[in-house]
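Input: a single structure, listed below in structure tokens.
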There are 2 protein chains.
Amino acid sequence: MAHEVQKSIARQSLLLKSLPEQHVGTLLSHAIWRVYERGETIFLQEEKAQAVHVVLAGWVKLFRMSPNGSEAVVSVFTRGESFGEAVALRNVPYPVSAEAVSPCEVMHIPIPVLISLMKEDPEIGISILAATFTHLHSLVAQLEQLKAQTGAQRVAEFLLNLCDCEAGDCEVVLPYDKMLIAGRLGMKPESLSRAFTRLKPIGVKINRNHAEISDISVLRDYSVSDPTET
Amino acid sequence: MAHEVQKSIARQSLLLKSLPEQHVGTLLSHAIWRVYERGETIFLQEEKAQAVHVVLAGWVKLFRMSPNGSEAVVSVFTRGESFGEAVALRNVPYPVSAEAVSPCEVMHIPIPVLISLMKEDPEIGISILAATFTHLHSLVAQLEQLKAQTGAQRVAEFLLNLCDCEAGDCEVVLPYDKMLIAGRLGMKPESLSRAFTRLKPIGVKINRNHAEISDISVLRDYSVSDPTET
DNA sequence: GGTGCGACATGACAATAGTCAAGTTGCGGT
DNA sequence: ACCGCAACTTGACTATTGTCATGTCGCACC
């Protein structure tokens with residue numbers, strides 16, 4: 001971790017930003033910084049956890065291979081987000097695998113460093129819990145989406161999360177390729193294509209990896225409407 | 001918490017069993033003990049968290065109401081299990097609602113008690129993280145199931161989790177009614193019925209709330225087989 | 001011992017998503 | 001500039017699931 005730029009990104013991460021300065025310094029000085037190429041494995045399911053991971057740049061996916069061979073994408077992380085906190089403290093194997101889906105920079109904080117610091121200051125524990133809770137919450141939201149919404153609605157919600165605008169029209173860039181988006185939303189690439197087609201009548205134009213939304217509120221209404229009444 | 005029986009159940013809970021004796025005593029002496037009737041609400045989504053909850057008897061479901069009115073069951077807890085740990089420490093509203101699905105006994109540990117104890121002893125934090133991680137893990141597993149398995153396979157896996165036997169034949173009791181099982185597995189009651197029908201040819205007989213499995217290994221094979229090749 | 005209600009099963013149908021196959025397109029390598 | 005590949009789209013078909021309607025059964029309540 002020689003570069004000041006990366007240190008400052010790390011400080012802004014959800015995991016570290018609420019910690020007192022002295023601890024952040026300790027953690028950063030023990031952290032390992034690595035780059036990954038697209039498609040490279042960061043760790044494998046069932047492997048023993050060695051570190052907590054903070055994404056500094058690029059995109060990382062967490063996924064699970066089921067015994068029958070199909071892949072379920074559990075989540076996708078980018079700059080400032082961290083993963084592996086909970087598993088780190090329990091000395092159990094990873095329940096998922098992690099892979100870089102674009103060129104990435106990832107910071108690894110070795111677990112022993114974290115544990116010893118945690119015994120000194122309970123604030124660290126609370127901070128880790130906060131990050132873990134964020135994941136928990138997002139998984140709950142995903143479960144709800146899968147169980148209660150159609151494919152097209154999930155895509156609509158996905159697009160809405162990408163917009164920062166509040167109302168009116170908006171253009172967003174799809175952050176990673178469509179195969180991964182499909183996986184993240186629990187469908188096949190073909191179904192994603194069709195979902196996009198279905199959103200066309202309500203003002204969504206897809207061009208390459210750009211999406212144009214003519215009216216956000218229309219899309220928002222659609223994403224929460226009852227599937228049976230459309 | 002006047003009753004010794006309940007205290008001893010609480011001590012066996014995942015949350016408390018690994019804590020040092022003195023802390024358990026403190027927590028128990030501040031805990032509130034309550035009974036709930038079937039269908040009674042324990043807390044509502046968006047409500048501010050007041051306590052961590054430990055189920056002593058009966059069954060509790062956590063669920064989310066989506067804006068369009070449909071209900072997604074997130075998890076179901078029973079004796080010895082706890083929920084609400086993560087949200088407790090962040091002063092944020094509950095992301096889910098909780099309801100008793102059978103007559104229940106639930107112990108509530110007020111959050112301030114927990115926080116002050118946590119500042120005294122970091123072990124408490126680790127213990128809470130452990131419980132939280134268990135939930136995280138189970139949510140990840142659920143996501144995988146929903147995305148990569150058919151309805152009948154999810155039912156098969158649900159039945160396998162209920163058996164304690166390792167091989168051969170086995171009879172299990174369905175722990176709660178079929179409507180809730182359906183919700184827990186992300187399907188409608190009708191689909192659950194059909195899933196049971198589909199499991200009949202491979203040796204599963206359903207009678208009331210009893211399930212007879214003629215050969216566990218056959219069922220296990222089925223639950224992990226590729227849906228396309230059956 | 002009725003009576004009525006809710007849980008559950010089943011059939012017919014519609015909607016949704018997966019599968020397979022056949023293009024099209026964009027892009028990197030030569 | 002050409003080639004080849006992988007991502008993406010589209011169409012036809014199938015499978016799975018939700019919806020609606022109907023019927024049975026068990027059980028609490030009078």
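Order of the sequence lines sets the chain letters (A, B, ...), proteins ahead of strands, with each chain counted from 1.
Ranking D/dT10, D/dT17, C/dC8 by closeness to the B/Met179 side chain, first place goes to C/dC8. Between C/dG18, C/dT10, D/dG18, one nucleotide has an atom nearer to the side chain of B/Ser191 than all others, and that is D/dG18. If you check D/dT17, D/dT9, C/dA9 against the side chain of A/Lys178, the one that comes closest is D/dT9. Comparing D/dT10, D/dC8, C/dC8 against the side chain of B/Asp177 picks out C/dC8 as the nearest. The side chain of B/Arg198 lies closest to D/dT16 when the candidates are C/dC8, D/dT16, C/dT16.
Between A/Leu185 atom CG and C/dA17 atom P there is a gap of 11 Å when expressed in whole angstrom units. Atoms CG (B/Leu146) and P (C/dG18) sit 12 Å apart, rounded to a whole Å. In this entry the distance linking CG of B/Leu192 with P of C/dC8 reads 9 Å, nearest Å. Nucleotide C/dT25 holds its P atom 18 Å from the CG atom of A/Asn209, rounded to whole Å. Protein atom NZ of A/Lys200 is 6 Å distant from nucleotide atom P of D/dT10, rounded to whole Å. Whole-Å rounding puts the B/Gln149 CD to D/dT16 C1' distance at 15 Å. Separating the CD1 atom of A/Ile206 from the C1' atom of C/dT24 is a distance of 18 Å, rounded to the nearest angstrom. Distance, B/His210 NE2 to C/dC8 P: 13 Å, rounded to whole Å.
The two residues A/Ser102 and A/Trp59 have their closest heavy-atom pair at OG-N, 2.9 Å.
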Test side chain to side chain contact (heavy atoms under 4.5 Å, CB included) on B/Arg154 and B/Met187; report intermediate values, then the result.
CA-CA 10 Å; B/Arg154 298 202 294 274; B/Met187 53 180 119; 4.3 Å; yes
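Annotation: A/His53 is in aromatic contact with A/Phe43 [ring centroid separation under 6.0 Å]. Aromatic ring centres of B/Phe133 and A/His135: separated by at least 6.0 Å.
A perpendicular orientation is assigned to the rings of A/His108 and A/Tyr36, their planes being inclined by more than 60° (bins at 30° and 60°).
Within the 4.0 angstrom heavy-atom criterion, base atoms lie near A/Arg194.
OP1 or OP2 of D/dT10 sits under 4.0 Å from a side-chain N or O of A/Thr197.
Toward the 5' end of DNA chain D, the nearer of the two residues A/Glu190 and B/Met187, judged by each one's closest nucleotide, is A/Glu190.
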